[in-house]
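As structure tokens, the structure follows; a few thoughts come after it.
Values below: all heavy atoms of this structure, side chains included; hydrogens, waters and symmetry mates excluded. Count residues from 1 along the sequence.
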Amino acid sequence: MYIGLDLGTSGLRGILVEDAAPLAVAEATYAVSNPHDGWSEQDPGDWLAAAHSVFGALREDAPEAFAATKGIAISGHMHGAVLLDEGGVVLRPCILWNDTRAHAEAAQMDETDGVRALSGNIVFPGFTAPKLIWVANHEPHIFGSVATAMLPKDYVNYWLTGERATEMSDAAGTSWLDVGARNWSEALLTAGGMKPDQMPRLIEGTGTVGQVRDALADELGLPQGTPVIAGGADNAAAACGVGVMGEGDAFVSLGTSGVMLAGRDAYAPLPESAVHTFCHAVPDKWYQMGVVLAATDSLNWLGRVFGAEPAALTDELGALAAPGPMQFYPYLAGERTPHNDSHIRGGFTGLGIATDRTDMTRAVLAGVCFALRDSFEALKFTGAKIDSALAIGGGTRSDHWTAMLATALDLPLERPAQGEFGAAMGAARIAMCGVTGADPASVMTKPAIAETIDPDPSLRDAYEEAYETYRAGYSHLKAMQ
């Protein structure tokens, strides 16, 4: 019996599994605070309240299995800054991954000699290191008390165990890690104004953080001495959940953000592509991904404008057709791959007097697909070989959107059968490997595939032409802002 938790931006999901088969699932939600434009924060105490709720629900649904839990691991959203003092007190709300206040600090650190070469990545405004530089510049009274800078899921592990630790896949998104060497870099820490003793202990994702504290184990109903395994960053854990581990493995995710991710057997960074190159959650593996900041968020936005549910908008589209003359650029919160531009904002082009809601919906879906095509092209430029990909995330429940995405990418997409295969399941699999020592290759297998959605050959040329128009649009949109 193993428990996997997935600490998301809007809620915590937990799964209790026996030999990789789900026994119980539970969820709890919490809020995000946006006190100023570009700011995105969360109270870490809300995560702990959610964890209490999720553990309690799992225990209620499967009491005997819960009481036999052999290990726990957590997946979590990356790049957040949880700042602790010597006594473990949280000094300020967590600055989240989608917070862009540190754009100037990120640009300054990114221009420092050797930073990209060591970290393997551009320093994006959402990464952790520039957030700490921002705190030093704007909240020096807080920065002076920082004993440890932790990542979100690792703070939950700290609550469980009392140990301050992190693992490679999450640490890789801080700009403090030498991603090739899989170790903290003194040069990167110095560039970010941090000291080695402010970093949590660094282990692999399958390594053991510690054991659940005795008093907390009693409170939660867990066995005394339950091991807590380090876990993984959200996309790394999701990759473990669907068996995307090495060369040739890939997934595309239509979630709040969009992700195109490829497993890599070796470290092969190309920072100028704006592709992220991170350590995987298992030893001796890496992965690369392109990120679209607003994927299903773009459709949700359109739904709010029209006062309609997103599913109602897509249901109006009918059969897949060639893109219309309208283009949508999904830069509602800036963009990562390939532009690294926190200031760019989205827009429509080609609006006409006859434009209706259906036209706008089709353009929004296509714009997200073309943004993911940008990430796909960037991944191919790094040397990643992708002949097909798993299609995951809430947006892929739409047959229309999935077919459009396959055609826009010109790539067969495999849609998994119904079941638990996301980041929480990936975390549970990491826990299994950490506790038993099992080979990840034998545990982190691919799910059963319900169907393969092939590109529509009759629409390939039309989508290719529309994509070329889309690619040219960024510079024009940027010039107008």
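Side-chain atoms of Ser119 come within 3.5 Å of backbone N or O of Asn121 as a donor-acceptor pair. For the pair Arg429 (side chain) and Gly4 (backbone), a donor-acceptor distance under 3.5 Å is absent. Between the side chain of Glu377 and the backbone N or O of Lys380, no donor-acceptor pair lies under 3.5 Å. A distance-only check finds a donor-acceptor pair linking the side chain of Thr296 to the backbone of Gly255 [under 3.5 Å]. A donor-acceptor pair is defined here as one N or O able to donate and one able to accept, closer than 3.5 Å; no such pair exists between the side chain of Thr112 and the backbone of Val115. A donor-acceptor pair under 3.5 Å is absent between the side-chain atoms of His103 and the main chain of Pro125, judged by distance alone. A donor-acceptor pair is defined here as one N or O able to donate and one able to accept, closer than 3.5 Å; such a pair exists between the side chain of His400 and the backbone of Gly318. A side-chain donor-acceptor contact under 3.5 Å links Tyr30 to the backbone of Gly11. When atom types are taken as modelled, the side chain of Asp359 and the backbone of Asp356 share a donor-acceptor pair closer than 3.5 angstrom. No donor-acceptor pair closer than 3.5 Å links the side chain of Trp97 to the backbone N or O of Ser40.
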List the steps and the verdict of side chain to side chain contact (heavy atoms under 4.5 Å, CB included) for Asn300 and Asp297. CA-CA 5 Å; Asn300 292 338; Asp297 250 5; 3.9 Å; yes
Starting from the C-alpha separation in whole Å, work towards a yes-or-no answer on side chain to side chain contact (heavy atoms under 4.5 Å, CB included) for Gln481 and His343. CA-CA 9 Å; Gln481 295 184 6; His343 297 294; over 6 Å; no
Candidate pair Leu313 and Arg357, rule side chain to side chain contact (heavy atoms under 4.5 Å, CB included), full reasoning: CA-CA 8 Å; Leu313 296 178; Arg357 187 167 94 169; 3.5 Å; yes
The test is side chain to side chain contact (heavy atoms under 4.5 Å, CB included); show your working for Leu405 and Leu254 and say whether it passes. CA-CA 10 Å; Leu405 182 58; Leu254 277 176; 4.2 Å; yes
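Annotation: side chain to side chain donor-acceptor pair (under 3.5 Å) contacts of Asp374 (sequence neighbours excluded): Tyr467. Scored by the side-chain contact (heavy atoms from CB on, under 4.5 Å) test, Asp454 finds Pro412, Thr452 as partners (sequence neighbours excluded). Listed by chain and number, the residues in a side chain to side chain donor-acceptor pair (under 3.5 Å) with Glu204 are Arg182 (sequence neighbours excluded). Residues that satisfy the side chain to side chain donor-acceptor pair (under 3.5 Å) test with Glu465, not counting sequence neighbours, are absent from this structure.
Annotation for Leu409 and Cys369: closest pair CD2-O, 4.5 Å, computed over non-hydrogen atoms. Closest approach of Ala171 to Trp184, counting heavy atoms only: CB-CH2, 3.7 Å. Taking every heavy atom of both residues into account, Tyr267 and Ala117 meet most closely at OH-O, 4.2 Å. Residue Ile15 comes nearest to Val25 through the heavy atom pair CG1-CG2, 4.1 Å, listed as atom of the first residue, atom of the second, then distance.
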Please set out all donor-acceptor pairs under 3.5 angstrom arising from side-chain atoms of residues 230-247, sequence neighbours excluded.
residue: Glu247; atom: OE1; partner: Arg264; partner atom: NE; Å: 3.3
residue: Glu247; atom: OE2; partner: Arg264; partner atom: NE; Å: 3.0
residue: Glu247; atom: OE2; partner: Asp265; partner atom: N; Å: 3.0

Please table the atom pairs, donor to acceptor, closer than 3.5 Å between any side-chain atom in residues 269-278 and protein atoms at least two apart or in another chain.
residue: Ser273; atom: OG; partner: Leu270; partner atom: O; Å: 2.7
residue: Ser273; atom: OG; partner: Val275; partner atom: N; Å: 3.1
residue: His276; atom: NE2; partner: Arg336; partner atom: NH1; Å: 3.1
residue: Thr277; atom: OG1; partner: Gln288; partner atom: NE2; Å: 3.0

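Centroid-to-centroid, the aromatic rings of His339 and Tyr331 come within less than 6.0 Å. Aromatic pair Tyr470/Phe328: ring centres not closer than 6.0 Å.
A donor and an acceptor atom, one from each side chain of Thr128 and Trp176, are nowhere located under 3.5 Å apart. For the residue pair Thr407/Asp456, the side-chain donor-acceptor check at 3.5 Å is not satisfied. Donor-acceptor pairing under 3.5 Å is lacking for the side chains of Thr29 and Glu27.
Proximity of Ser253 to Leu261: side-chain heavy atoms (C-beta onward) are nowhere separated by under 4.5 Å. Between Leu413 and Val252 the shortest side-chain heavy-atom distance falls below 4.5 Å. Within the 4.5 Å cutoff, the side chain of Met109 has no heavy atoms near those of the Glu105 side chain. At a threshold of 4.5 Å between non-hydrogen side-chain atoms, the residues Val82 and Trp47 count as touching. Looking at Leu151 and Met78, their side chains never come closer than 4.5 Å, going by heavy atoms from C-beta outward. No side-chain heavy atom of Asp410 sits under 4.5 Å from any side-chain heavy atom of Phe376. Proximity of His77 to Gln42: side-chain heavy atoms (C-beta onward) are separated by under 4.5 Å at one or more points. The shortest distance between side-chain heavy atoms of Phe143 and Leu83 does not fall below 4.5 Å.
For CZ of Phe306, the number of neighbouring non-hydrogen atoms (other residues, nucleotides, ligands) closer than 6.0 Å is greater than 12. In the displayed structure, Asp113 atom CG is contacted under 6.0 Å by at most 12 heavy atoms of other residues, nucleotides or ligands. In this structure, Glu316 places its CD atom where more than 12 heavy-atom neighbours from other residues, nucleotides or ligands lie under 6.0 Å away. More than 12 non-hydrogen atoms from other residues, nucleotides or ligands lie less than 6.0 angstrom from CG of Asn34.
Ion pairing of Glu335 with Lys478 is absent here, as no side-chain N (NZ or NE/NH1/NH2) approaches a carboxylate O to less than 4.0 Å. Salt-bridge check for Lys131 with Asp99: failed, with every basic side-chain N at 4.0 Å or more from each acidic carboxylate O.
For the atom pair Ser388 OG and Ile449 CD1, the distance stands at 8.5 Å (nearest 0.5 Å). Atom CG of residue Asp6 and atom CE of residue Met425 lie 12.5 Å apart, to the nearest 0.5 angstrom. Going from atom CD1 of Ile453 over to atom CH2 of Trp401 covers 14.5 Å, rounded to the nearest 0.5 Å. Expressed to the nearest 0.5 Å, how far OG1 of Thr100 lies from CD1 of Ile95 amounts to 11.5 Å. Taken from CZ in Arg373 to CG in Leu411, the straight-line distance is 10.0 Å, to the nearest 0.5 Å. Distance CG/Leu188 to OG1/Thr174: 8.0 Å, rounded to 0.5 Å.
Ring pair Trp39/His36 is perpendicular by interplanar angle, where above 60° counts as perpendicular and below 30° as parallel.
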